Protein chains: 2
Amino acid sequence: MISQTEENYLKVLYNLTSLKGEASVNDISKQLDIKMPTVNSMMKRLAEKKLVVYESYKPLKLSVEGKKLAALIIRKHRLTEMYLVEKMGFGWENVHNIAEQIEHIQAPEFFDKMDELLGFPKVDPHGSPIPDADGNIASDNYLKLSDCKVGESVTFMAVQPSSEDLLKFLTSRELSLGLELKIKQIEPFDGSMVISYANKENEMLSSKVCDKLLVSKKSKKK
Amino acid sequence: MISQTEENYLKVLYNLTSLKGEASVNDISKQLDIKMPTVNSMMKRLAEKKLVVYESYKPLKLSVEGKKLAALIIRKHRLTEMYLVEKMGFGWENVHNIAEQIEHIQAPEFFDKMDELLGFPKVDPHGSPIPDADGNIASDNYLKLSDCKVGESVTFMAVQPSSEDLLKFLTSRELSLGLELKIKQIEPFDGSMVISYANKENEMLSSKVCDKLLVSKKSKKK
DNA sequence: TTATTTTGTTAGTATCATCTAACTTGTTAA
DNA sequence: TTAACAAGTTAGATGATACTAACAAAATAA
Ligand SMILES: [Mn+2]
Ligand SMILES: [Mn+2]
Ligand SMILES: [Mn+2]
Ligand SMILES: [Mn+2]
C-alpha cells in the first residue's frame, strides 16, 4: 500500500523529472516545503518499495513502476480538474486545490465514471495531457509563445506552469485555450509581446506571461 | 486542525450516540475495528480538543462543538452520496465507500456546488436526512416497517442501516424509496411480512429486512 | 587550488495513530 | 455476595512523517 504522503512525493518527482529526467533532494524539498532530511528518508523508503532509484549523493529518478504510479495519480488529478470545470462549472483557476485532494481517492470506478461522462478527454482544463489508464502520457510538441517570432500566427494550447494568479489574469484578458494568437510586435528590451486574438487587438503580454503560454504552429491535427 | 482519522471517530460517535445519547469505548472499537486502548487515547485527545466529553469509566458523549463538526462531516458524506447517484449514475449500493473518502475533502465550495447542482436535497439516496450548513439535522419520525400491522398502507422512506447487501437485495426486488407498501400478511412465527407495491403482488420480506426499512404512515407532506 | 557555499546525509527527537500485555473497575451470574 | 467475565485503562512498543543540529560531500568562487 502507498500512502497519500508518498503519492504526493511521487507526483512531485514525476513533474520535476519530466524536464531533465532527474531531480534533487533539494528540488523536492522546495517544491513540497518539507525539509531535506525528511525528503531524504522518504526517498530511501520509496527506494525500498522499488518506486525510486536512490544512490547517495546522486540525482533521483523514478523507477519504471514509480513512473507509472505517478502517472496514474496525475491521471486522477487531471480528470478531476476536467470534471470540475466541465461538469460542475468551476473556473479553471479554482480546480487545482480540490484535485490535489481528490487525486488520492481510492476508487477506480469513480474516475472511470468521470472519464466516461467527460467523453474520454485527452487534456485537462489547462491543456496538460491526461495519462491513459495504463499510465502512458501523450507528449505534446508545443513551444512557448515567448519563443515565437513577429508575424507568426499560433494556436494557444496550454498554460504551464499554471498558477492561480496567472489563470485569473488570462481569464481577465479573455485568453482561453484554442484561440488563434497573432504576434504583432515583440519589445526587444523586456521581451513583452503585443498580440491579437478573438476580438482583442494589440494586447500587451509580459515575457513572464508569454513564457508560460504553450502554443502550436500548424493547426493541430484532430 | 482535525485529521481524517479524528473525523472518522467523531462521525462514528455521532451515529452511535444518535440513538441513546451516549456510547462506549467498546462500541466505537467494534464499529471502527480498532482496539480499545487506541480508542481510549483518541477519546482523551478529542476531549483535549473539546470535541468529546470524557470521564474515566463513564459513557462517552460529543460536546456541542463536536456534534456540530460531526454533522458537517455527515453533511459532506450524504451530499456526496446524493451527487454520485443523481449526477454520476451510480447505484445506491455503490456510493458509501466513495463518500467515506470524499467526506474528508477540505473544500467547502466543492460541497456547496454539489448542493446547488442537486437543488439542495433534504435526504441522501438511502433516505437519511442531510444536515444543513450549520450542522442542524431534521429529525424524521419514521417507523420500522416491522412495527406496522396487517392492512396498513405506508410509504417507504429510508433504509437504516443500509448495508451494500441489503441495498442490492432491495434493488433486485425493485423496492425503491417513495413506494407505497401495502402490508398483506405477517407471519407470527418469524415476523416475515407479505407486502404489495408497484406492480409486485405479495412479495415476502424477512423480518431482518423489515427491521431496516423505515416508513411513514400518512402521506408525507411535500 | 584552496576556501566558501550549497547540497546531502546521519543522528536524535517529536507527534500521531496504531498495537499487545497487564492491570483496574464495573457488571453479571452462581 | 462473592466469583467470573466484560469493559476500561495504563504502560510500553512500533511505524509513519515530520523536525533540528551536526557533519560530510560536492559544487562554486576566490
Ligand atoms: Mn492541477
Ligand atoms: Mn495531492
Ligand atoms: Mn453512507
Ligand atoms: Mn471517512
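To find a chain, count down the sequence lines: A is the first, B the second, and so on, and within it residues start at 1. From a predicted model like this one, the values you see are computed outputs, not experimental measurements.
- Nearest nucleotide to the M42(A) side chain, out of dT9(D), dT17(D), dA11(C): dT17(D).
- Between H126(A) and H96(A), the ring centre distance reaches or exceeds 6.0 Å.
- The distance between atom CG of L32(B) and atom P of dT18(C), rounded to the nearest whole Å, is 8 Å.
- Judged by the 6.0 Å and 45° rule, K113(A) forms a cation-pi pair with F90(B).
- Environment of NZ in K11(A): crowded, with over 12 heavy atoms of neighbouring residues, nucleotides or ligands closer than 6.0 Å.
- Among the heavy atoms of the strands lying under 4.0 Å from S56(A) are primed sugar atoms or P, OP1, OP2 only; no base atom is included.
- Mapped onto DNA chain D by nearest heavy atom, P37(A) and E6(A) fall at different nucleotides, with E6(A) at the one closer to the 5' end.
- Rounded to an integer number of Å, the gap from NZ of K58(A) to P of dT9(C) is 11 Å.
- K30(B) comes within contact range of no nucleotide atom at all, as no heavy-atom separation falls under 4.0 Å.
- Between the P atom of dT9(D) and the CG atom of N26(B) lies a distance of 11 Å, rounded to the nearest Å.
- Distance CD (Q4(B)) to P (dT17(D)): 13 Å, rounded to an integer number of Å.
- The pair D115(B)-R75(B) counts as a salt bridge, with a side-chain nitrogen and a carboxylate oxygen less than 4.0 angstrom apart.
- Summarising the geometry, the separation between NZ on K44(B) and P on dT15(C) is reported as 17 Å, rounded to the nearest angstrom.
- Both M36(B) and M36(A) lie near DNA chain C, and the one whose nearest nucleotide falls closer to the 5' end is M36(A).
- I34(A) places its CD1 atom 12 Å from the C1' atom of dA16(D), with the value rounded to the nearest Å.
- Distance CD1 (I28(B)) to C1' (dG8(D)): 12 Å, rounded to an integer number of Å.
- Across dT18(C), dG8(C), dA16(D), the shortest atom-to-atom separation from the side chain of R45(A) is found for dA16(D).
- Closest to the N40(B) side chain, of the nucleotides dG8(D), dT17(D), dT9(D), is dT9(D).
- At a threshold of 4.0 angstrom between heavy atoms, the contacts of S41(B) include nucleobase atoms, whether or not backbone atoms are also involved.
- Closest contact between the side chain of T5(A) and the listed nucleotides dT17(D), dT9(D), dA11(C) involves dT17(D).
- For the pair Y57(B) OH and dT25(C) P, the interatomic distance rounds to 5 Å; values are reported in whole Å.
- The side chain of K35(B) sits closest to dC19(C) out of dT10(C), dA17(C), dC19(C).
- The residue T38(A) sits close to a base: some heavy atom pair falls under 4.0 Å.
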Check: What do the steps show when you test N40(B) against K44(B) for side-chain contact (heavy atoms from CB on, under 4.5 Å), and what is the final call?
Finding: CA-CA 6 Å; N40(B) 190 269; K44(B) 284 176 165 180; 3.8 Å; yes
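- Closest approach to the S3(B) side chain among dG8(D), dA17(C), dG8(C) is made by dA17(C) (side chain taken as heavy atoms from C-beta onward).
- Between dT9(C) and Y54(A), a contact under 4.0 Å exists linking OP1 or OP2 to a side-chain N or O.
- Counting non-hydrogen atoms of neighbouring residues, nucleotides and ligands closer than 6.0 angstrom, the NZ atom of K61(B) reaches no more than 12 such neighbours.
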